Amino acid sequence: MDSFSLGPLLPDVEIAIGLYNNVSNCKDLKEKISEGNLCIALVKAEMIVDTFQLLVAASKAFYHEVEKQLKTRTVFTEILYNLSPSNKISECFKLFGVNDTAENIIVVCRKNDSSSVRSEVQGNLVSLSLLDKICDKELVKKLYKITESEVSVSPLVDCVVSQMIAKEVK
Amino acid sequence: MEFYCQNSKIISQGAEAKVYEGVFCDRPVIIKERFSKKYRLPEIDEKLTKKRLIQEIRALQRCRKVGICTPAIYFVDTVRNILLLQHINGLTVRDLVSNEKKLNPQEGYANLYPVIKSIGRILAIMHDANIIHGDLTTSNMIYQSSKESNKIGNIFMIDFGLSSSSAMPEDKGVDLYVLERAFLSTHPGSEQLFNVLLQAYKDNSKNPSPVINKLDEVRMRGRKRTMVG
């Protein structure tokens with residue numbers, strides 16, 4: 001997994017992000033998360049254009065944790081919520097969460113937990129650069145309501161993160 | 001807030017906000033912090049500051065949707081009124097025009113016509129989408145040159161804090177009038193340049209005549225609407 005610092009907003013927070021394919025135990029992982037035994041976010045890899053998209057969602061989540069402004073139960077569910085262009089909480093899990101049989105997933109956790117998290121996931125850890133191939137860009141455009149005119153003047157990841165942040169003032 | 005701005009350099013302090021350069025997740029960013037004004041009633045001050053932050057985000061997004069270059073939004077803190085935006089590498093149109101005058105004083109501004117025409121086109125698209133910028137000046141446009149030498153670059157529109165949404169020719173006319181005044185006072189002798197911009201606006205706008213008529217009207221009376229009658 002690759003680690004990232006969330007400075008300057010949160011100089012003390014470091015997170016790890018890993019992209020996995022051929023994952024076989026999503027159901028297990030999800031159960032452990034809901035029991036509170038695993039502090040990670042599981043994200044549907046097809047919905048992620050670039051690592052930066054995750055960093056924006058995670059920065060906002062950890063920031064709102066410090067500020068006591070979380071809208072969902074944990075900082076990790078908040079990451080999924082922040083990824084979503086909609087303010088409906090239930091919708092974000094459907095759109096960005098993984099289903100029991102998902103094979104391409106992204107795991108986000110605190111850096112200190114990354115070695116134990118790695119032992120939990122049964123699948124191949126691959127380079128985050130493969131996101132470019134795995135991402136379903138047409139679906140992403142549709143979901144975030146990104147117009148062709150917008151993509152013509154701005155990289156897709158910038159369109160996506162702007163939409164993610166702008167939902168706060170909807 | 002000081003912690004946003006660790007290792008950040010203040011680059012401008014306006015009447016509404018302090019603007020810093022910084023880094024966010026390895027990307028260069030602009031940090032815009034709207035501060036409270038002590039001379040205003042606290043209740044009004046808070047409302048106004050918040051309203052402008054929200055208006056700015058909305059207008060930036062609406063412009064992006066219609067294909068106008070604006071900085072991407074990376075983070076917002078609606079409690080402290082802080083906005084993190086993509087850092088745009090480029091030159092303000094103000095500097096572009098001033099440099100041109102220094103470099104080629106004899107040629108008028110003919111070298112800038114292609115860029116100025118694209119500004120006219122962008123404003124037409126913006127007004128067709130009923131977005132009123134509210135503070136059009138040559139400092140609020142950033143020219144980013146193209147990597148291909150035969151192409152003109154992109155114009156990024158910034159600083160939408162005073163923006164609003166309106167379909168009225170009056171508001172669009174005032175928007176253009178504010179720009180005209182800014183243009184002529186910042187760049188003396190640039191009447192022809194502004195005319196080129198206006199012509200491009202007319203050529204690209206879906207319905208320019210009511211706006212241009214209003215512009216003429218506003219030129220006669222000034223920006224404030226007459227309340228007589």
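Note on naming: letters A, B, ... go to the chains in the order of the sequence lines (proteins, then strands), and numbering restarts at 1 for each one. The analysis underlying the following values was restricted to heavy atoms, covering all of them including side chains, and did not include hydrogens, waters or symmetry mates. Because the structure is predicted, anything quoted here is derived from the model rather than measured.
Taking OG from Ser154(A) and CD1 from Ile68(B), the interatomic distance works out to 13.0 Å, rounded to the nearest 0.5 Å. Taken to the nearest 0.5 Å, the CG atom of Asp26(B) stands 8.0 Å off from the CG atom of Leu55(A).
Looking at Val79(B), only its side chain comes within 4.5 Å of chain A, counting heavy atoms on both sides. Of the two parts of Val151(A), neither the backbone nor the side chain holds a non-hydrogen atom closer than 4.5 Å to a non-hydrogen atom of chain B.
For Arg73(A), the CZ atom sits in a loose shell: 12 or fewer heavy atoms of surrounding residues, nucleotides or ligands are nearer than 6.0 Å. Heavy atoms of other residues, nucleotides or ligands lying less than 6.0 angstrom from NZ of Lys167(A) number more than 12. Around atom CZ of Arg94(B), no more than 12 heavy atoms belonging to other residues, nucleotides or ligands sit under 6.0 Å away. Heavy-atom contacts from other residues, nucleotides or ligands closer than 6.0 Å to NZ of Lys37(B) number more than 12.
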What side-chain donor-acceptor pairs closer than 3.5 Å can you find for residues 158-165 of chain A, not counting sequence neighbours?
{"from": "Asp158(A)", "atom 1": "OD1", "to": "Arg27(B)", "atom 2": "NH1", "distance (Å)": "3.0"}
{"from": "Asp158(A)", "atom 1": "OD1", "to": "Tyr74(B)", "atom 2": "OH", "distance (Å)": "3.3"}
{"from": "Ser162(A)", "atom 1": "OG", "to": "Asp158(A)", "atom 2": "O", "distance (Å)": "2.8"}
{"from": "Ser162(A)", "atom 1": "OG", "to": "Ile73(B)", "atom 2": "N", "distance (Å)": "3.0"}
{"from": "Gln163(A)", "atom 1": "OE1", "to": "Gln61(B)", "atom 2": "NE2", "distance (Å)": "3.1"}
{"from": "Gln163(A)", "atom 1": "OE1", "to": "Lys65(B)", "atom 2": "NZ", "distance (Å)": "3.0"}

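Taking each heavy atom of Ser149(A) and Val66(B) in turn, the nearest pair found is CB-C, 3.8 Å.
Glu168(A) is not listed as a side-chain neighbour of Ile57(B), based on a closest heavy-atom distance of 4.5 Å or more. Looking at heavy atoms from C-beta onward, Val56(A) lies in side-chain contact with Phe24(B) at the 4.5 angstrom threshold. Side-chain contact between Phe4(A) and Cys25(B) is absent, with no heavy-atom pair separated by less than 4.5 Å.
In this structure, Glu46(B) has no salt bridge (charged side-chain N to carboxylate O under 4.0 Å, His left out) partners at least two apart in sequence or on a different chain.
With respect to chain A, the highest number of heavy-atom pairs below 4.5 Å among Cys69(B), Ala72(B), Cys63(B), Pro71(B) belongs to Ala72(B). Contacts with chain B were tallied for Gln69(A), Glu150(A), Lys145(A); Glu150(A) has the most, counting heavy-atom pairs under 4.5 Å.
Applying the side-chain contact (heavy atoms from CB on, under 4.5 Å) test between Val169(A) and each of Gln55(B), Glu56(B), Lys50(B), Arg58(B) identifies Arg58(B) as the sole match.
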